[in-house]
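Worksheet: one structure, shown below.
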Amino acid sequence: MQWDTMTREQYEALQDRQLKRFIAEEVYPFHPYYGDLFRKHGILPRHIGSVSDLRHFSELFTTKTIIAAQPEAFVVQPTPKRVFLSPPRTRPLVLVARELARAGIAIPNLLFDQTLNRLPSLLYRFGRVQLPRPLSAKAFLEYRYAPHFPTGTTGRSTGGVPTVFWFTGVDMARMAKLGSRYFSLLGMGNLQPQERRCIDLFPVSIHLADLFLREVSRGVPAMVFPTGGGKGIGTERSLRVAEASEARLLAGVPDYVERFLEYAVDEKRNLSHVERVILGGDAVGPKRRESIIELLRKCGAMDPVVIASYGFTEAKIAFIECVEGAREGGVGYHVFPELGAVEILDPDPNSRGEVCWSTIVGAGTVVLRYRTGDHAAFSWEPCPACGRTLPRIVGPITRKTSDMIKNIAGTLVDFNHVCEVFENDASVTEWQVEIVGDKNAGERINVFVALREGIDQDAVCWRLVSAFKTAADGLAPYTIRVFSHEELVVRLGIETELKAQRIKDLRKEA
Ligand SMILES: [Zn+2]
């Protein structure tokens with residue numbers, strides 16, 4: 001079956017089979033947190049036969065706080081006893097067969113080799129014939145279950161302490177295998193191997209996006225030049241690498257990519273090979289897309305396309321737009337249904353609601369019914385841009401978490417709306433909002449903006465203040481100050497932080 005042309009029924013049947021197996025063979029016997037939860041509430045594997053069954057168990061809802069309290073309990077951990085006693089019944093047989101095969105193959109292999117090596121054939125010229133030998137039972141279990149690579153959340157909601165999510169050998173291999181799919185979504189599937197070159201501008205750390213790009217490139221295979229963004233080898237050297245490597249693909253967080261390209265324009269660098277830009281880690285509005293395309297054109301790129309992505313550490317995967325959809329300004333992020341199930345909780349009349357994710361494959365850290373706090377819609381309709389039948393998460397994605405919805409001086413402010421005010425205003429090049437004070441002395445909002453040259457600053461500030469007031473439910477900023485673009489870039493930490501500090505909450509109890 002083709003991965004991008006199956007019908008909804010086929011995808012759902014595949015998902016159900018996968019989930020049923022995953023719950024019975026991995027989660028129920030080996031997952032410390034959900035295993036205990038299932039036993040406590042009397043949920044048996046046979047109660048969960050399909051994705052829709054999963055939706056009956058509100059006990060399974062998982063949040064950032066629950067995971068942060070006991071991250072190790074979310075890692076699949078088989079014990080020798082459970083490996084042999086839990087389904088599938090064939091598992092012990094397969095493990096024993098692996099050991100026998102390893103011991104047994106050695107003798108006939110030797111004879112076989114000697115016979116073949118006497119023949120004056122091609123086989124002879126290539127030397128000894130190696131029959132593939134299976135991994136031993138121990139090596140196989142370790143490859144599957146032993147944690148290998150961590151990714152971490154930004155720790156915004158847990159007081160700056162990142163929660164670690166583990167990838168095992170199979171998880172890494174699965175991500176690499178998806179490489180060709182991602183390249184085909186990017187419209188870069190037909191490139192020659194020497195033309196597949198990407199510059200990785202994501203911060204080198206335990207950032208999911210960095211790991212994602214490297215593994216996907218390994219699977220294609222494509223050349224990838226990790227630079228660590230501004231924090232790694234620095235913007236100047238990253239730019240030299242981008243130019244010299246004739247990269248076709250740029251990838252990074254939106255703020256930094258924009259900064260990187262502004263620098264490239266100032267330095268009059270030649271980035272004419274760049275065809276695609278993948279942005280990850282933050283929302284991308286139409287203004288941002290246009291500004292990046294414009295900057296790239298100034299560097300000589302002919303027809304660059306900016307592709308947004310949506311991913312979160314808890315799902316251990318990121319989803320991207322198809323190139324056709326990105327050209328149209330974004331029609332949604334293509335999801336691979338065999339990796340996990342997406343639910344939309346409490347949908348409103350526009351069928352937008354909270355995105356809830358259940359992993360149905362792999363090992364390492366596994367979450368079920370994880371509430372992301374992100375609001376979006378989910379569509380099974382074939383993609384209007386590329387025609388693929390893969391389902392899509394349709395934006396705009398708004399975050400309803402504590403770092404976006406804040407109580408300031410008794411008013412509940414939704415910063416999703418505040419962001420829009422600045423992101424949609426063509427005169428603003430950078431912006432930052434600061435919340436200061438405390439409950440007793442009064443809480444205040446300060447706004448800092450950098451504006452385009454040659455415009456009436458006072459008029460723009462008045463317009464921004466009034467739009468801010470509407471967006472923030474009547475709360476007006478205490479001050480609004482105009483900075484130069486360079487000053488604000490430093491304030492925001494675009495080149496020094498993992499993520500630009502757009503909304504800075506400096507209150508003590510926050
Ligand atoms: Zn599409």
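Nothing fancy with the numbering, it's 1 onward along the sequence. All ligand and atom numbering here is 1-based and tracks the order in the structure.
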Check your understanding: Is any protein N, O or S atom closer than 2.8 Å to the Zn ion (ligand 1), and if so, which?
Key ->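 Only Cys322 SG, His334 NE2, Cys383 SG, Cys386 SG fall inside 2.8 Å of the Zn ion (ligand 1).
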
Check your understanding: Taking the six-membered ring for Trp, are Trp357 and Phe319 parallel (under 30°), tilted (30 to 60°) or perpendicular (over 60°)?
Key ->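 If you compare the ring of Trp357 with that of Phe319, the planes turn out tilted.
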
Exercise for review: Classify the ring geometry between His31 and Tyr33 as parallel (under 30°), tilted (30 to 60°) or perpendicular (over 60°).
Suggested key: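 If you compare the ring of His31 with that of Tyr33, the planes turn out perpendicular.
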
Check your understanding: Phe212: what forms a ring pair (Phe, Tyr, Trp, His ring centres under 6.0 Å) with it, not counting sequence neighbours?
Key ->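 Phe212: ring pair (Phe, Tyr, Trp, His ring centres under 6.0 Å) contacts with Tyr182.
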
Review point. Phe61 ring centre to Arg371 NZ or CZ under 6.0 Å, with the angle to the axis within 45°?
Key: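 Yes, Arg371 lies over the aromatic ring of Phe61.
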
Point to revise | Under-4.0 Å salt bridge between Arg269 and Glu236 | key: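 Here Arg269 pairs with Glu236 in a salt bridge, since their nearest N and O are under 4.0 Å apart.
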
Point to revise | Heavy-atom donor-acceptor pair, Glu321 side chain to Ala308 backbone, under 3.5 Å | key: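 Yes, the answer is positive, given that a donor and an acceptor are paired below the 3.5 Å cut-off.
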
